[in-house]
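I have placed the structure first, in the form of structure tokens, so that the comments after it can refer back to it.
Below, all heavy atoms of this structure are taken into account, side chains as well, without hydrogens, waters or symmetry copies. Every chain is numbered from 1, with letters handed out A, B, ... down the list of sequences.
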2 protein chains.
Amino acid sequence: MSLRIALLGLLTVSGPSSGYDLAKKFEKSVAHVWQAGHSQIYPELAKMTADGLLAVGAEGARGRKIYSVTPDGQAELRRWLLDHSPSTTTRSETALQSFLVPLLEPDEAVTVLRRMKTSAQAHLAELEELRAARNAIADPAGRWGMFGAYALDLGIRQTRGVMEWADDSIADVERRSGTA
Amino acid sequence: MSLRIALLGLLTVSGPSSGYDLAKKFEKSVAHVWQAGHSQIYPELAKMTADGLLAVGAEGARGRKIYSVTPDGQAELRRWLLDHSPSTTTRSETALQSFLVPLLEPDEAVTVLRRMKTSAQAHLAELEELRAARNAIADPAGRWGMFGAYALDLGIRQTRGVMEWADDSIADVERRSGTA
DNA sequence: GGCATCATGTAAAAAGTTACATGATTTA
DNA sequence: TAAATCATGTAACTTTTTACATGATGCC
């Protein structure tokens with residue numbers, strides 16, 4: 001379901017686009033909340049067309065297929081946003097590592113936690129770059145000017161949160177082991 | 001891979017257990033970082049045994065199979081914790097909704113954001129209850145006393161972060177639409 | 001002509017979800 | 001003895017990942 005919804009949203013904001021375009025845009029925007037490669041996107045677009053959520057316009061150069069959202073598609077997207085309460089469940093390798101880290105010796109645990117902090121820092125840099133790129137283009141007062149913006153903000157806050165948590169956890173491990 | 005690792009960790013801390021026990025413990029502890037039902041756990045335990053990571057002890061009452069971690073299993077877990085840097089990618093329906101929410105009218109967006117805050121609040125309550133239950137049993141100075149504790153702390157912080165973000169986003173939507 | 005990139009797909013495998021199925025034991 | 005819960009599994013389906021496959025167009 002979620003992949004459909006992400007595609008409907010992207011297509012709504014971008015206007016009629018090809019699968020290739022959507023795959024590119026996916027990478028550069030939705031990717032920090034949902035991931036999908038072209039091998040998942042192409043078949044899904046076909047299914048969505050079969051289900052009446054999308055329509056294929058004229059085939060462009062090089063056999064490009066230009067998809068656009070039908071009224072049924074618009075309704076589907078609206079319904080999901082308004083009626084569907086999203087599951088709060090997370091599935092995160094980082095969280096799993098943080099769960100298991102007490103199985104290691106204190107010095108090893110500290111190494112692992114430091115690595116997590118470093119990778120959070122790198123992730124933060126990416127998100128902030130994304131935000132800078134967004135701010136350079138989008139007009140926040142425009143029709144869909146805030147599309148993606150709240151999610152980016154959330155991502156940045158969460159990532160900063162991971163960094164703070166890592167610092168505090170490192171300090172805790174050191175205090176407990178008397179290595180401080 | 002991650003399911004294996006979660007099972008290895010749980011089995012290390014619990015000591016020899018049956019699939020049924022592990023499924024129960026999964027629900028009550030690892031579940032907030034990784035989810036799996038018994039229909040995924042039973043076959044995975046069988047595969048892990050075939051791969052030499054687990055050993056089956058005597059079959060207990062009612063045909064219970066008691067699994068324990070082999071040295072190979074211990075090594076596998078250690079290796080994953082020490083050498084594997086986890087992907088930072090998130091896949092979250094909540095984040096996807098937050099991404100798409102600007103497609104709605106301001107008042108609708110506010111409704112959706114409020115619902116997210118409410119569900120974060122409920123989730124926070126669950127996590128805090130889990131922590132209370134943990135604190136009542138576990139000795140934080142014991143061998144694996146902090147098993148799961150850092151992850152719980154992270155989850156609680158992240159969930160509080162979502163609540164703050166929701167408040168700020170609601171305020172932002174209202175300010176932009178002049179509904180404040 | 002060769003290389004990059006545009007553009008679309010399929011196939012196979014792994015992971016995850018939901019539903020079905022069955023039998024043993026405890027407790028009320 | 002009926003209901004709850006213990007205990008294990010399989011089957012069907014959906015979703016995701018990784019790899020394979022192919023042809024067109026533009027640029028050097």
Nearest whole angstrom, please: distance from the [atom2] of [N] to the [atom1] of [X].
{"X": "A:His38", "N": "D:dG23", "atom1": "NE2", "atom2": "C1'", "result": "14 Å"}
{"X": "B:Leu45", "N": "D:dG9", "atom1": "CG", "atom2": "P", "result": "9 Å"}
{"X": "B:Leu22", "N": "D:dC6", "atom1": "CG", "atom2": "P", "result": "15 Å"}
{"X": "B:Lys25", "N": "D:dC6", "atom1": "NZ", "atom2": "P", "result": "13 Å"}
{"X": "A:Glu27", "N": "C:dT5", "atom1": "CD", "atom2": "P", "result": "13 Å"}
{"X": "A:Lys65", "N": "C:dA7", "atom1": "NZ", "atom2": "C1'", "result": "11 Å"}
{"X": "A:Glu44", "N": "C:dT10", "atom1": "CD", "atom2": "P", "result": "13 Å"}
{"X": "B:Tyr67", "N": "D:dA7", "atom1": "OH", "atom2": "C1'", "result": "12 Å"}

Which nucleotide sits closest to the side chain of [X]: [options]?
{"X": "B:Gln40", "options": "C:dA15, D:dT8, D:dT16", "value": "C:dA15"}
{"X": "B:Ser39", "options": "C:dA11, D:dT10, D:dT8", "value": "D:dT10"}
{"X": "B:Tyr20", "options": "D:dA7, C:dA7, C:dT17", "value": "D:dA7"}
{"X": "A:Arg91", "options": "C:dA7, D:dT8, C:dT17", "value": "C:dT17"}
{"X": "B:Tyr42", "options": "D:dT8, C:dA15, C:dG9", "value": "D:dT8"}
{"X": "A:Arg64", "options": "C:dA7, C:dA15, C:dA11", "value": "C:dA7"}

Return no unless some side-chain N or O of A:Lys24 is found under 4.0 Å from OP1 or OP2 of C:dC6.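 It does, given that an N or O in the side chain of A:Lys24 lies less than 4.0 Å from OP1 or OP2 of C:dC6.
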
Does C:dA14 have its OP1 or OP2 closer than 4.0 Å to a side-chain nitrogen or oxygen of B:Lys47?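 No, B:Lys47 has no side-chain N/O under 4.0 Å of OP1/OP2 on C:dA14.
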
I'd like to know if the side chain of A:Glu129 reaches the main chain of A:Leu124, judged simply by a donor and an acceptor atom lying under 3.5 Å from each other, with no hydrogens or angles considered.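 Judged by distance alone, no pair lies under 3.5 Å.
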
Examine the side chains of B:Ser18 and B:Asp21 and answer whether a donor and an acceptor come within less than 3.5 Å of each other.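 Note: B:Ser18 and B:Asp21 side chains meet the donor-acceptor criterion.
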
Surrounding CZ of B:Arg91 (heavy atoms of other residues, nucleotides or ligands, distance under 6.0 Å), is the total greater than 12?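 Yes, because the 6.0 Å sphere around CZ of B:Arg91 holds more than 12 heavy atoms from other groups.
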
By nearest nucleotide on DNA chain D, pick out whichever of A:Gln35 and B:Ser18 is the more 5' one. B:Ser18

Mind checking whether B:Gln40 and B:Gln35 have side chains closer than 4.5 Å, heavy atoms only?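 Side chain of B:Gln40 against side chain of B:Gln35, heavy atoms only: no contact under 4.5 Å found.
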
Which heavy atom of B:His32 sits nearest a heavy atom of A:Phe99, and at what distance? NE2-CE1, 4.0 Å

